[in-house]
Undergrad: 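Okay, handing you the structure first.
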Amino acid sequence: MKYYYRFILLFVVLMIGSLVHAQEPSANTDSLNSEKDSLVQALLGQIQELQMQSIMMREQLEKSGEAARNDSLRLARRKSRIDSLRNITPGAPLIVEGDTLFILYNRRGGITPEARVEDIYEKIMEIGTGLTLHTDSVYIFDADFSTDIMAGNELMMSITDFDGLWQNKSRQELAADYCKIIEAKIQQLHAEYGLKRKLIGVLYVIGSMVALGLLIWATNYCYRRWRYRLLRRLLHRTRPLTIKDYEVLNLHRQGVLFLTGFNVLRWLVILMLLFIFVPMFFAAFPETKSFTYTIFGYVWNPFVSILKSIVGFLPNFFRIIVIILCFRYLVKGLHYLMNEIGSGNLKISGFYADWAQPTYLILRVLCYSFMIVMIWPLLPSSDSQVFQGVSVFIGVIVSLGSSSIIGNVMAGMVMTYMRPFHVGDFIKYGDTEGFVIEKTVLVTRIRTRKNDVITIPNANLMTSQTTNYTFSAHNYGVIVHTKVTIGYDMPWQQIRDLLLAAAAKTAHLQKKPEPFVRITTLDDFYVEYEINAYTRKSELLGDIYSELHQNILDSFHSNGVEIMSPHIFAHRNNLDVQIPPQQVKK
């Protein structure tokens with residue numbers, strides 16, 4: 001460029017010189033020289049001016065080129081930095097009705113991308129869900145530093161050069177793309193939320209309500225029309241349901257059960273209709289469409305959850321069935337074995353036959369307890385904290401509330417193997433005498449001679465003294481004994497003979513060993529005699545004692561002996577002897 005300007009200047013000087021020499025010589029040489037000098041000076045001034053302009057233009061070009069190079073370098077650095085950030089920056093997606101429109105990465109002033117997306121979302125929903133919409137309401141306005149997407153007079157969003165860099169586009173191109181996307185979404189929302197859609201939804205709801213009312217009316221009409229007809233047909237064809245001699249369901253109960261079930265079926269149909277139609281009312285409008293899924297979820301989710309739980313529980317269910325079958329047949333085997341021992345077909349040394357049934361009960365409880373322990377972890381939700389807490393709570397309540405029950409059960413088990421008495425034995429517990437009529441795990445029942453049935457807890461029997469007359473009578477013989485007191489004026493040999501004679505006349509008293517009389521007390525005013533005799537009939541002790549006392553009275557009275565215990569000797573003052581007159585010897 002510099003050589004180009006010099007060549008132009010040299011060419012101009014040569015042309016001027018040739019023009020000067022080509023002119024006619026003048027007489028006045030001095031004037032020509034002076035004109036020549038002035039011309040040369042003028043040309044030199046122009047040349048200098050051209051040189052200054054050339055220098056200024058060269059400097060301006062150098063500055064503009066450097067600025068362009070700096071801008072391109074700055075732009076390249078920004079692109080490089082954005083490319084590196086694009087891999088680690090998630091951005092803020094604009095999601096409208098489940099549809100992702102675009103993603104913003106750049107801040108706008110001090111506003112974060114998330115805040116920009118939220119503001120754009122609110123504006124799109126506000127315009128799109130309005131009842132009316134102008135088709136040309138969305139347009140682009142290009143400013144100096146940003147390109148704006150407008151909706152009427154409202155600013156939807158501003159796009160800067162940095163937004164374009166994030167998408168590898170210019171801001172104008174990016175604004176055009178976003179404008180099309182936003183406009184399409186607004187039109188879609190208007191189609192769903194607009195006035196036309198509202199009117200269609202209202203008509204849909206009215207039609208659904210009419211259909212629901214007709215279906216409910218039809219259901220009630222069919223119920224009222226067919227319930228008694230079906231009832232009559234049912235009663236004509238059915239018979240009373242009996243199990244052996246027990247009538248479980250007679251015709252009247254079957255009719256009541258049928259009417260109740262038919263009424264329940266009617267309400268189930270009505271509830272099913274409501275379950276189908278009520279969500280349809282909400283589905284008519286986009287604003288309430290989410291309630292449809294919520295209402296369906298209230299009913300459907302529990303069924304799905306239960307179904308999933310059942311399917312997931314099937315492997316453990318089959319394990320539980322196998323465990324139950326194994327223990328069931330094990331208990332049956334124990335029952336057969338104990339029945340053989342109890343009937344005497346199988347004898348085990350040291351194991352009594354009457355131990356068979358209680359031993360079977362104990363082993364059965366242990367087997368079922370062990371079965372429950374094995375099944376417990378396989379139950380649904382057995383590992384949950386709530387299930388475990390409830391189990392511990394129930395265990396504590398049972399243990400605290402059943403301490404006396406457990407004590408009676410343990411006492412009953414201990415007495416079973418101690419064998420202090422059996423059912424049918426005549427025993428004495430405290431002041432109570434009677435026959436054992438029932439032995440259970442918790443209590444023992446005794447029937448007294450007066451036919452009073454007394455229930456005694458096993459724990460009380462375990463801690464008190466009991467007398468088994470039946471056992472003593474069977475092995476040794478029970479000694480029946482009673483006492484009489486006679487004054488010192490009667491010889492003891494006579495009293496002894498009278499007592500032995502009375503014992504000899506009493507039934508069920510054994511002759512061998514022989515009865516015997518003991519003088520038990522020598523009191524201040526009388527002598528106490530005791531008659532003792534053996535019997536094997538412990539269940540008749542009451543009758544034996546009564547008969548013995550009768551015979552003693554007859555024996556003493558017939559021999560003129562008074563059964564009195566005077567503490568002082570007093571004159572009778574002609575008082576008769578205290579003996580029945582018909583038994584006094586003449």
Undergrad: Just do the side-chain contact (heavy atoms from CB on, under 4.5 Å) check on Glu122 and Glu118 with the steps written out, would you?
TA: CA-CA 6 Å; Glu122 292 178 355; Glu118 184 177 356; 3.8 Å; yes
Undergrad: Mind listing the closest non-hydrogen atom pair of Leu330 and Cys367 along with its distance?
TA: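 Closest heavy-atom pair between Leu330 and Cys367: CD2-SG, 4.0 Å.
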Undergrad: Does some side-chain heavy atom of Met272 sit less than 4.5 Å from a side-chain heavy atom of Phe275?
TA: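 Yes - at least one pair of side-chain heavy atoms lies under 4.5 Å apart.
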Undergrad: Any heavy-atom pair between the side chains of Asp177 and Lys169 that's under 4.5 Å?
TA: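 In short, these two side chains touch, coming nearer than 4.5 Å.
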Undergrad: Taking C-beta and beyond as the side chain, do Leu174 and Thr147 meet within less than 4.5 Å on heavy atoms?
TA: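 In short, these two side chains do not touch, never coming nearer than 4.5 Å.
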Undergrad: Any chance you could measure Ile120, atom CD1, to Leu101, atom CG, to the nearest 0.5 Å?
TA: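 Going from the CD1 atom of Ile120 to the CG atom of Leu101 covers 9.5 Å.
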Undergrad: Which atom pair, heavy atoms only, marks the closest approach of Lys123 to Leu155?
TA: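 That would be NZ-O, 2.6 Å.
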Undergrad: If you measure from CZ on Arg445 to CD1 on Ile456, what distance do you get to the nearest 0.5 Å?
TA: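 If I round to the nearest 0.5 Å, the distance is 11.0 Å.
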Undergrad: Any idea which heavy atoms bring Phe277 and Leu212 closest together, and the distance?
TA: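 In terms of heavy atoms, the two residues are closest at CD1-CD1, 3.8 Å.
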Undergrad: Counting only heavy atoms not in Glu154 (residues, nucleotides, ligands), do more than 12 fall under 6.0 Å from its CD?
TA: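 It does: Glu154 CD has more than 12 such atoms within range.
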Undergrad: Quick check: are there more than 12 heavy atoms from other residues, nucleotides or ligands sitting under 6.0 Å from CZ of Arg233?
TA: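 Check fails, neighbour count at 12 or below.
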Undergrad: Do the non-hydrogen side-chain atoms of Met338 and Thr359 ever get within less than 4.5 Å of each other?
TA: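 Side-chain contact under 4.5 Å: yes.
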Undergrad: Side chain of Ser343, backbone of Asn339: donor and acceptor closer than 3.5 Å?
TA: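 Yes; judged by distance alone, with no hydrogens or angles, the pair exists.
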Undergrad: Atom CZ of Arg319 and atom CD1 of Ile321: how far apart are they, to the nearest 0.5 Å?
TA: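 Reported to 0.5 Å precision, the distance equals 13.0 Å.
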Undergrad: For Phe426, give me all partners under ring-ring contact (aromatic ring centres under 6.0 Å, His included), at least two apart in sequence or on another chain.
TA: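 In terms of ring-ring contact (aromatic ring centres under 6.0 Å, His included), with neighbours along the sequence ignored, Phe426 is linked to Phe435, Tyr469.
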Undergrad: If you count heavy atoms of other groups shown closer than 6.0 angstrom to CZ of Arg328, is the number above 12?
TA: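 Open.
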Undergrad: Please tell me if the side chains of Leu104 and Tyr178 come closer than 4.5 Å, counting only heavy atoms from C-beta onward.
TA: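 Yes, side chains in contact.
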Undergrad: For Lys185, what residues pass the salt bridge (Lys or Arg N to Asp or Glu O under 4.0 Å) criterion, not counting sequence neighbours?
TA: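 For Lys185 the salt bridge (Lys or Arg N to Asp or Glu O under 4.0 Å) partners, ignoring immediate neighbours, are Asp99.
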Undergrad: Check whether any side-chain heavy atom of Val117 lies under 4.5 Å from a side-chain heavy atom of Pro93, and answer yes or no.
TA: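 Counting from C-beta outward, Val117 and Pro93 never come under 4.5 Å.
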Undergrad: Looking only at heavy atoms, what is the nearest atom pair of Ile124 and Met156, with distance?
TA: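 So the two residues come closest at CG1-CE, 3.6 Å.
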Undergrad: Please determine whether side-chain contact (heavy atoms from CB on, under 4.5 Å) holds for the pair Leu257 and Gln254, giving the CA-CA distance in whole Å, both sets of side-chain angles, and the decisive distance to 0.1 Å.
TA: CA-CA 5 Å; Leu257 184 62; Gln254 290 182 13; 5.6 Å; no
Undergrad: To the nearest 0.5 Å, tell me how far Tyr228 OH sits from Phe258 CZ.
TA: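 Answer rounded to 0.5 Å: 11.0 Å.
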Undergrad: Of all residues at least two apart in sequence or in a different chain, which pass the ring-ring contact (aromatic ring centres under 6.0 Å, His included) check with Phe318?
TA: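 So Phe318 forms no ring-ring contact (aromatic ring centres under 6.0 Å, His included) with any residue.
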Undergrad: List the steps, then state whether side-chain contact (heavy atoms from CB on, under 4.5 Å) holds for Ile372 with Phe327.
TA: CA-CA 10 Å; Ile372 292 174; Phe327 278 95; over 6 Å; no
Undergrad: Mind listing the closest non-hydrogen atom pair of Ile437 and Ile446 along with its distance?
TA: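 Looks like CG1-N, 4.5 Å.
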Undergrad: Hey, does Thr444 have a side-chain heavy atom less than 4.5 Å from the side chain of Tyr429?
TA: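 The answer is no; the side chains never approach within 4.5 Å.
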Undergrad: Would Ile182 and Phe102 satisfy side-chain contact (heavy atoms from CB on, under 4.5 Å), going step by step from the backbone distance to the final call?
TA: CA-CA 10 Å; Ile182 292 174; Phe102 48 82; 4.0 Å; yes
Undergrad: Please report the C-alpha distance between Asn220 and Arg224 in whole Å, then the side-chain angles of each, then the deciding distance to 0.1 Å, and finally whether the side-chain hydrogen bond (donor to acceptor under 3.5 Å, both in side chains) criterion is met.
TA: CA-CA 6 Å; Asn220 291 326; Arg224 291 190 297 269; 5.1 Å; no
Undergrad: Is the gap between the ring centers of Tyr223 and Phe262 under 6.0 Å?
TA: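 So the answer is yes for these two rings.
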Undergrad: From Leu215 CG over to Ile270 CD1, what is the distance, rounded to the nearest 0.5 angstrom?
TA: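 Separation between the atoms: 10.5 Å.
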Undergrad: Looking only at heavy atoms, which two atoms of Asp142 and Ser146 are closest? And how far apart?
TA: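 For Asp142 versus Ser146, the nearest heavy atoms are OD1-O, 3.7 Å.
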Undergrad: Kindly compute the distance separating CD1 (Ile140) from CE (Met150), expressed to the nearest 0.5 Å.
TA: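 Atom-to-atom, Ile140:CD1 and Met150:CE are 12.0 Å apart.
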Undergrad: Do Val436 and Thr470 touch side chain to side chain, with heavy atoms closer than 4.5 Å?
TA: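 They are not in side-chain contact.
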